Amino acid sequence: MFAHGQTVIQYVERLAPKSLAMEGDKIGLHVGTLQKQVKKVMIALDVLESVVDEAIAEGVDLIVAHHAVIYRPLKNIRTDLAAGRVFEKLIKHDIAVYTAHTNLDVAVGGMNDWLAEAIGLTKVDVLDVLQRDAWKKLVVFVPVSHRDAVFQALCEAGAGSVGNYSHCSFQTEGTGTFLPGDGTNPFIGAAGKLEKVEEVRLEMVVPASRQSAVVKAMLQAHPYEEVAYDLIPLEQSGQAFGIGRIGHLPEPMTLRELSELVKERFSLKGLRVVGDLEAQVKKVAVVGGDGSSFVSKAIFKGADAYLTGDIGYHTAHDAQAEGLSIIDAGHNIEKIMKQKMAEYLIEQLKAIGYQTDVIASAVHTDPFQFV
């Protein structure tokens with residue numbers, strides 16, 4: 001059984017909800033339709049003509065990309081030009097293109113966490129917080145017989161996580177009463193008869209971003225025809241979401257050593273470095289892509305070095321003056337998302353028995369090279 005296109009994207013958006021995207025970012029479905037079965041998905045950083053040719057050769061139905069195929073306004077779609085040929089080939093071969101960009105950058109367990117993980121950062125925090133997830137408390141009354149089933153469903157849907165702890169709940173046993181009316185089909189008891197049932201009051205915190213999924217999972221696992229539950233807004237702020245990460249190296253190293261580590265971990269032949277190569281580095285900030293606008297945030301958060309791409313000449317001077325070392329490894333280090341997203345989707349689709357294949361694009365799309 002192959003997954004439906006919408007099903008594949010539901011898993012993408014579970015990792016990188018569209019609500020996390022920065023204003024104006026062109027995310028979502030760019031080309032084609034998701035209203036079809038998908039036999040093969042390809043994960044790509046960029047949707048260039050060479051990548052589309054690869055997708056055609058591989059028999060791909062859906063490309064999930066990080067960078068938008070439609071970024072600037074289209075004045076025309078001329079098939080005698082490279083840009084137009086991309087769309088012509090996609091449409092002729094019925095290949096859909098879906099983009100997850102800044103929502104994947106911001107997502108917990110997404111792009112910037114992958115980059116931080118690749119260089120071994122510990123005690124990782126968000127560099128520039130854009131929003132915080134609100135918390136709610138879910139209270140649901142469950143018959144004792146279904147306590148574990150409902151509890152497990154809620155945990156799997158995202159309820160009950162507090163910091164590094166999961167499966168957090170408070171459970172109180174008591175007696176529930178109800179009187180089924182005419183036309184009802186109660187799980188326990190009969191219409192017209194007052195019932196008293198041993199129930200559990202199950203309380204769990206829920207991130208607002210997971211509310212729909214949690215409620216849906218609860219209703220599916222709960223045996224009652226009408227489920228009694230409350231969702232109570234809480235004053236506490238929840239998970240922080242934002243651009244970039246900042247953390248500590250397992251052991252201090254020189255800027256030269258960190259630069260060599262970055263080259264190794266991201267398979268680079270060269271990179272640009274700002275700062276004293278023998279300076280000690282303990283705390284590192286990371287932003288995938290163009291990180292020029294977050295230099296001041298890295299300085300404010302006390303980073304010794306900043307790993308990113310596309311740093312301008314004058315921005316480098318400003319950082320140097322403030323004592324911040326920079327490793328400009330290029331925009332293309334975001335290629336890490338190809339294998340990481342592929343692994344994630346393979347795991348999710350396999351868990352529910354889909355035979356849809358997921359591959360990472362093998363085409364190298366960095367336009368720059370060192371000579």
Side-chain angles (χ1 to χ4, degrees), residues 1-18 21 25-71 77 79 82-105 107 109-111 113-114 118 213 266-267 288 331-367:
M1 178 174 61
F2 298 108
H4 193 270
Q6 289 283 11
T7 301
V8 175
I9 298 308
Q10 282 177 6
Y11 283 109
V12 173
E13 293 179 357
R14 179 176 294 184
L15 171 64
K18 295 174 78 171
D25 192 19
K26 297 172 176 60
I27 62 169
L29 184 65
H30 280 209
V31 179
T33 179
L34 297 175
Q35 303 303 321
K36 61 179 181 179
Q37 279 195 325
V38 174
K39 296 180 180 179
K40 183 176 282 191
V41 180
M42 186 169 78
I43 312 300
L45 178 60
D46 307 288
V47 187
L48 307 182
E49 186 173 8
S50 56
V51 174
V52 175
D53 288 339
E54 177 189 21
I56 294 169
E58 290 283 353
V60 166
D61 304 294
L62 170 64
I63 296 173
V64 176
H66 186 51
H67 294 143
V69 65
I70 302 176
Y71 182 68
I77 301 179
T79 57
R85 288 197 301 270
V86 167
F87 295 104
E88 178 186 26
K89 290 179 178 181
L90 288 169
I91 292 170
K92 280 186 174 179
H93 293 272
D94 193 22
I95 300 173
V97 177
Y98 179 94
T99 298
H101 188 221
T102 54
N103 50 326
L104 184 61
D105 291 335
M111 178 69 78
D113 281 318
W114 293 331
F266 296 103
S267 302
H331 206 122
N332 196 252
I333 60 171
E334 291 186 317
K335 65 190 178 187
I336 194 172
M337 62 82 58
K338 295 192 292 185
Q339 191 61 44
K340 289 292 188 178
M341 179 65 84
E343 291 171 357
Y344 165 77
L345 281 180
I346 288 170
E347 180 182 357
Q348 299 302 314
L349 294 172
K350 184 179 180 181
I352 49 180
Y354 286 118
Q355 296 175 319
T356 296
D357 193 15
V358 184
I359 62 171
S361 171
V363 173
H364 185 61
T365 58
D366 192 346

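Note that the coordinates shown come from a computational prediction; the quantities given were computed from them, not determined experimentally. Start at 1 with the first residue, then count along the sequence.
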| query | Does the Asn103 side chain pair with the main chain of Ala16, one donor and one acceptor, at a distance under 3.5 Å? | reply | yes
Do [X] and [Y] come close enough that some side-chain heavy atom pair is under 4.5 Å?
X	Y	value
Phe87	Ile70	yes
Ile95	Val31	no
Glu334	Asp105	yes

Heavy-atom pair with the smallest gap, counting every atom of [X] and [Y]:
X	Y	value
Ala44	Val51	CB-CG1, 3.9 Å
Ala107	Leu15	CB-O, 3.2 Å
Ile43	Val358	CG1-CG1, 4.1 Å
Val86	Leu48	CG2-C, 4.2 Å
Ala118	Phe266	CB-CZ, 3.7 Å

| field | Pairs satisfying salt bridge (Lys or Arg N to Asp or Glu O under 4.0 Å), at least one member in residues 46-61, at least two apart | value | Lys40-Glu58, Glu49-Arg85, Glu49-Lys89, Asp53-Lys89
| field | Tyr98: side chain to side chain donor-acceptor pair (under 3.5 Å) partners, not counting sequence neighbours | value | Glu13
| For Thr102, what residues pass the side chain to side chain donor-acceptor pair (under 3.5 Å) criterion, not counting sequence neighbours? | Asp25
| Is the NZ or CZ atom of Lys26 positioned over Tyr71's six-membered ring, under 6.0 angstrom from the centre and within 45° of the axis? | yes
Please tabulate, for side-chain N and O atoms in residues 2-9, each donor-acceptor pair with protein atoms closer than 3.5 Å (sequence neighbours left out).
from: His4; atom 1: ND1; to: Gln6; atom 2: N; distance (Å): 3.2
from: His4; atom 1: ND1; to: Leu34; atom 2: O; distance (Å): 3.4

| field | Qualifying ring pair (Phe, Tyr, Trp, His ring centres under 6.0 Å) pairs, either residue in residues 27-70, two or more places apart | value | His66-His101, His67-His101, His67-His331
Between side-chain atoms of residues 336-345 and protein atoms elsewhere (two or more places apart, or another chain), which donor-acceptor pairs fall under 3.5 Å?
from: Lys338; atom 1: NZ; to: Ser361; atom 2: O; distance (Å): 3.1
from: Lys338; atom 1: NZ; to: Val363; atom 2: O; distance (Å): 3.3
from: Tyr344; atom 1: OH; to: Tyr11; atom 2: O; distance (Å): 2.7

